[in-house]
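Okay, structure first, notes after.
Convention: sequence-line order gives letters A, B, ...; per-chain numbering from 1.
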There are 2 protein chains.
Amino acid sequence: MGQSIEIEQAAGLLKLLGDKTRLTMLRILIEQDCCCVCEFVEMFEASQPAISQHLRKLRDAGLVKENRRGQWMFYSFNQQYEYADYVHLLLKELPSQAEKLGKRISCD
Amino acid sequence: MGQSIEIEQAAGLLKLLGDKTRLTMLRILIEQDCCCVCEFVEMFEASQPAISQHLRKLRDAGLVKENRRGQWMFYSFNQQYEYADYVHLLLKELPSQAEKLGKRISCD
DNA sequence: TCAATATATAACAATATGCTTATATACGCA
DNA sequence: TGCGTATATAAGCATATTGTTATATATTGA
């Protein structure tokens, strides 16, 4: 059950979502169970540290959780996030980014 | 009728909303017809230039429109904004900020 | 026309953000 | 244990953002 969100917390959340890479990551994660870092790196044609840093911000805010499987780290949307309902509300209005995943690399 | 929003435009919009002052302004403007600059200045206990600059960003993005009445400039939410529906969706989940207005200064 | 008020803009400084490169850490496997 | 792969972190740099101060513009009313 999500909490109703105060304006200050909403501003911080929206700021975090106000980045194309992070927003796309989250849009993907609400329709895709989880992704490993290497998938994001390929998808965004970005450097590995850049992706890791975005993921850390999302994780520090509680929006995603990480799960190690062997040497791969998988990230998924954190349904326990306090304002998960609100985030869903925002994300589901955005077009699916599933095609960005392309042929999924099988990391596992 | 609002347009469906692409991810890149959504990111830019959310970035703009990801500021406490601007987010609060907009939250007020969806329940309050319009506000003049001096009301915002008092409400946020911010400097007049700071408020003007926030309003300009919102106006440049098309989120608010301005209307002069004598020496006062009134700002209101722009219902014609391409993604007005989306913005409404986000804002209506936030607590009303009407009390922030306090006793409204009558500028007109 | 001039002064007062409201607002906008410009220039600058402080801070935040996001990337890069380099390096550290964690894991699997030989 | 040692190497290769995946990921995280740190440091530094370039750019963006936001506020401040100073000034410009617009409007009203004497």
- B/S96/B/E31 under side chain to side chain donor-acceptor pair (under 3.5 Å): CA gap, chis, key distance, verdict: CA-CA 8 Å; B/S96 169; B/E31 59 188 329; 2.8 Å; yes
- If an axis is fit to five pairs at each end of the helix from C/dT1-D/dA30 to C/dA30-D/dT1, what is the angle between the two, to the nearest 10°? 10°
- Task: With DNA chain C as reference, determine whether B/S52 or A/P49 sits nearer its 5' end, using the nearest nucleotide of each.
- Result: B/S52
- In whole angstroms, the gap separating P of D/dT18 from NE2 of B/H54 amounts to 6 Å
- Message: Could you tell me how far apart B/M73 (CE) and D/dT27 (P) are, to the nearest whole angstrom?
- Response: 8 Å
- Query: How long is the line joining CD of A/Q53 and P of C/dA22, in whole Å?
  - Reply: 15 Å
- Looking only at heavy atoms, which two atoms of B/W72 and B/C38 are closest? And how far apart? CD1-SG, 4.3 Å
- Euclidean distance, A/L17 CG relative to A/R22 CZ, rounded to 0.5 Å: 8.5 Å
- Query: B/S47 side chain N/O closer than 4.0 Å to the phosphate oxygens (OP1, OP2) of D/dT20?
  - Reply: yes
- From B/D60 CG over to B/L16 CG, what is the distance, rounded to the nearest 0.5 angstrom? 9.5 Å
- Query: Between D/dA8 atom C1' and A/R59 atom CZ, what is the distance in whole Å?
  - Reply: 9 Å
- Yes or no on side chain to side chain contact (heavy atoms under 4.5 Å, CB included) for B/M25 and B/K20, after CA distance, side-chain angles and deciding distance? CA-CA 8 Å; B/M25 283 175 166; B/K20 193 185 173 185; over 6 Å; no
- What's the CZ-C1' distance between A/R56 and C/dT17, to the nearest Å? 14 Å
- Could you state the CG-C1' distance from A/N67 to D/dA6, rounded to the nearest angstrom? 15 Å
- Note on the structure: From the candidates D/dG19, C/dT20, D/dT7, the one with an atom nearest any side-chain atom of A/V37 is D/dT7
- Message: Can a side-chain donor-acceptor contact be found between B/Y86 and A/E93 if the only test is distance below 3.5 angstrom?
- Response: no
- Query: How far does CD of B/Q53 sit from OG of B/S47, to the nearest 0.5 angstrom?
  - Reply: 7.5 Å
- Atom CG of A/L55 to atom C1' of D/dT9: distance rounded to whole Å? 14 Å
- Task: For the pair A/Q32 and A/F77, evaluate side chain to side chain contact (heavy atoms under 4.5 Å, CB included) and give the outcome as yes or no after the intermediate values.
- Result: CA-CA 9 Å; A/Q32 196 71 48; A/F77 185 76; over 6 Å; no
- State, with a plain yes or no, whether a side-chain heavy atom of B/K100 is found less than 4.5 Å away from one of B/Q97. yes
- Task: Using atom CG of A/L58 as one end and atom P of C/dT17 as the other, report the distance to the nearest whole Å.
- Result: 14 Å
- Message: Measuring from atom CZ of B/R56 to atom CG of B/L58, what distance do you get when rounded to the nearest 0.5 angstrom?
- Response: 12.0 Å
- Task: For B/R27 and B/L91, indicate whether the former's side chain and the latter's backbone hold a donor-acceptor pair under 3.5 Å.
- Result: yes
- Could you run through nucleotides 23-30 of chain C and give me one letter per nucleotide, 5' to 3': B if any protein heavy atom sits under 4.0 Å from the base, S if only the sugar-phosphate is that close, - if neither? ---SBS--
- Closest to the A/W72 side chain: C/dT7, D/dT7, D/dT20? D/dT7
- Query: Are B/F40 and B/H54 close enough that their ring centres sit under 6.0 Å apart?
  - Reply: no
- Query: Can you find a side chain N or O atom of A/Y75 that sits less than 4.0 Å from OP1 or OP2 on D/dA8?
  - Reply: yes
- What are the residues of residues 12-27 of chain B, sorted by number, that bring a heavy atom to within less than 4.0 Å of DNA chain C? none
